[in-house]
Amino acid sequence: QLQLVESGGGLVQPGGSLRLSCAASGFTLDYYVVGWFRQAPGKEREGVSCINNSDGSKYYADSVKGRFTISRDNAKNTVYLQMNSLKPEDTAVYYCAATYVGMSSSPPIFFYNTEKWYHYWGQGTQVTVSS
């Protein structure tokens, strides 16, 4: 059974850090694009960051650029989202998602910052930034 499981969410003060994990089971992430999305109360789900595990290309939304870092650990079949300098507006449920791309680097990675391209989703993890 193909499954994605997020972990690492929690309550953190403004300016703090969290690292989210997205662990895959039932398949390897080697030839997948993995994206992180978030949904705040009353808002639509939005793309945060994504990585093409085939070529290592990465994309960040403007709202998180310079604060968040996406990375992968092939040995652990896991993708991470390191979140630094957190702000109250980062409060949301964070989801990871995956879509198979093979060895392709086309289309460019920014193309995948849209949820419609993804076939597998995790259950989400809550991130709350508050003092």
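Excluded from the calculations below are hydrogen atoms, water molecules and symmetry mates; all remaining heavy atoms, backbone and side chain alike, are included. Given the structure is predicted, the values throughout are model-derived calculations rather than measurements.
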K.L.:
Rounded to the nearest 0.5 Å, what separation is found between the CD atom of Glu46 and the CD atom of Gln39?
P.N.:
9.5 Å
K.L.:
Going only through I, L, V, M, F, W and Y residues with side-chain contacts under 4.5 Å, is there a path from Leu2 to Tyr31?
P.N.:
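Result: yes, single cluster for both.
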K.L.:
Determine whether Ser17 and Val12 make a side-chain contact, defined as any pair of heavy atoms from C-beta on separated by less than 4.5 Å.
P.N.:
no
K.L.:
Can you tell me how far CG of Asn77 sits from CG of Leu29, rounded to the nearest 0.5 angstrom?
P.N.:
4.5 Å
K.L.:
Can you give me the closest heavy-atom contact between Ala40 and Ala92, atom names plus distance?
P.N.:
N-CB, 3.8 Å
K.L.:
Specify the closest pair of heavy atoms between Gly9 and Val127, including all atoms of both residues, with the distance to one decimal.
P.N.:
CA-CG2, 4.1 Å
K.L.:
Between Phe27 and Tyr32, does the ring centroid distance fall short of 6.0 Å?
P.N.:
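They qualify: ring centres under 6.0 Å apart.
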K.L.:
Given side chains that start at C-beta, do those of Ile51 and Arg72 come closer than 4.5 Å, heavy atoms only?
P.N.:
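A side-chain contact under 4.5 Å exists here.
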K.L.:
Assess whether side-chain contact (heavy atoms from CB on, under 4.5 Å) is satisfied between Leu20 and Met83, documenting all intermediate values.
P.N.:
CA-CA 8 Å; Leu20 305 183; Met83 306 187 297; 3.7 Å; yes
K.L.:
Is a donor on one side and an acceptor on the other found under 3.5 Å between the side chain of Gln123 and the backbone of Val5?
P.N.:
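No, because the side chain of Gln123 does not come within donor-acceptor range (under 3.5 Å) of the backbone of Val5.
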K.L.:
Can you find a pair of side-chain heavy atoms, one from Cys50 and one from Ile109, that are under 4.5 Å apart?
P.N.:
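Answer yes - side chains close enough.
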K.L.:
Within a reach of under 6.0 Å around CD of Glu44, are more than 12 heavy atoms found that belong to other residues, nucleotides or ligands?
P.N.:
no
K.L.:
Taking the ring of Phe111 and the ring of Trp117, is the distance between their centroids below 6.0 Å?
P.N.:
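Yes, the ring of Trp117 comes within the 6.0 Å limit of the ring of Phe111, centre to centre.
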K.L.:
In terms of ring plane angle, is the pair Trp121 and Tyr95 parallel, tilted or perpendicular, where the classes change at 30° and 60°?
P.N.:
perpendicular
K.L.:
Mind checking whether Tyr80 and Val64 sit in one hydrophobic cluster, side chains of I, L, V, M, F, W, Y counted as touching below 4.5 Å?
P.N.:
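No, Tyr80 does not connect to Val64 through the hydrophobic network.
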K.L.:
Where is the tightest heavy-atom contact between Cys22 and Leu4, given as atom of each residue plus distance?
P.N.:
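Smallest interatomic distance, heavy atoms only, reads SG-CD2, 3.9 Å.
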K.L.:
Going by heavy atoms in the side chains, are Phe68 and Asp90 under 4.5 Å from each other?
P.N.:
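Answer yes - side chains close enough.
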K.L.:
Quick check against the 3.5 Å criterion: does Ser49 have a side-chain atom that pairs as donor or acceptor with the backbone of Tyr59?
P.N.:
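Yes, because the side chain of Ser49 sits within donor-acceptor range (under 3.5 Å) of the backbone of Tyr59.
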K.L.:
Between Ala61 and Asn113, what is the shortest heavy-atom contact and its length?
P.N.:
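Minimum heavy-atom separation between Ala61 and Asn113: CB-ND2, 4.4 Å.
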K.L.:
What is the minimum heavy-atom distance between Lys76 and Thr78, and which atoms define it?
P.N.:
O-OG1, 2.8 Å
K.L.:
Which heavy atom of Ala97 sits nearest a heavy atom of Phe37, and at what distance?
P.N.:
CB-CE1, 4.3 Å
K.L.:
Let me check something: do Phe110 and Tyr60 share a hydrophobic cluster, defined by ILVMFWY side-chain heavy atoms less than 4.5 Å apart, either directly or through other members?
P.N.:
no
K.L.:
Going by the angle between their ring planes, with limits at 30° and 60°, are Tyr118 and Tyr112 parallel, tilted or perpendicular?
P.N.:
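Plane angle over 60°, so perpendicular.
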K.L.:
Would you compute the distance between atom CG of Leu86 and atom CZ of Arg67 and round it to the nearest 0.5 angstrom?
P.N.:
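Here the rounded value is 6.5 Å.
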K.L.:
Does Trp36 reach the side chain of Val79, with side-chain heavy atoms less than 4.5 Å apart?
P.N.:
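Sidechains of Val79 and Trp36: in contact.
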K.L.:
Going hydrophobic residue to hydrophobic residue with side-chain gaps under 4.5 angstrom, can you get from Val93 over to Tyr120?
P.N.:
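No: no chain of side-chain contacts under 4.5 Å links Val93 to Tyr120.
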K.L.:
Is there a side-chain contact (heavy atoms from CB on, under 4.5 Å) between Leu11 and Ser130? Walk through the geometry before answering.
P.N.:
CA-CA 7 Å; Leu11 172 65; Ser130 175; 4.2 Å; yes
K.L.:
So, does Glu6 use its side chain to make a donor-acceptor pair with the main chain of Gly124 at under 3.5 Å?
P.N.:
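Indeed, once roles are kept as given, a pair shorter than 3.5 Å links the two residues.
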K.L.:
If we check side-chain contact (heavy atoms from CB on, under 4.5 Å) with Asn53, which of these qualifies: Val34, Asp30, Thr28?
P.N.:
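When side-chain contact (heavy atoms from CB on, under 4.5 Å) is applied between Asn53 and each of Val34, Asp30, Thr28, only Val34 qualifies.
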K.L.:
Thr91 versus Val129: any side-chain heavy-atom pair under 4.5 Å?
P.N.:
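Answer yes - side chains close enough.
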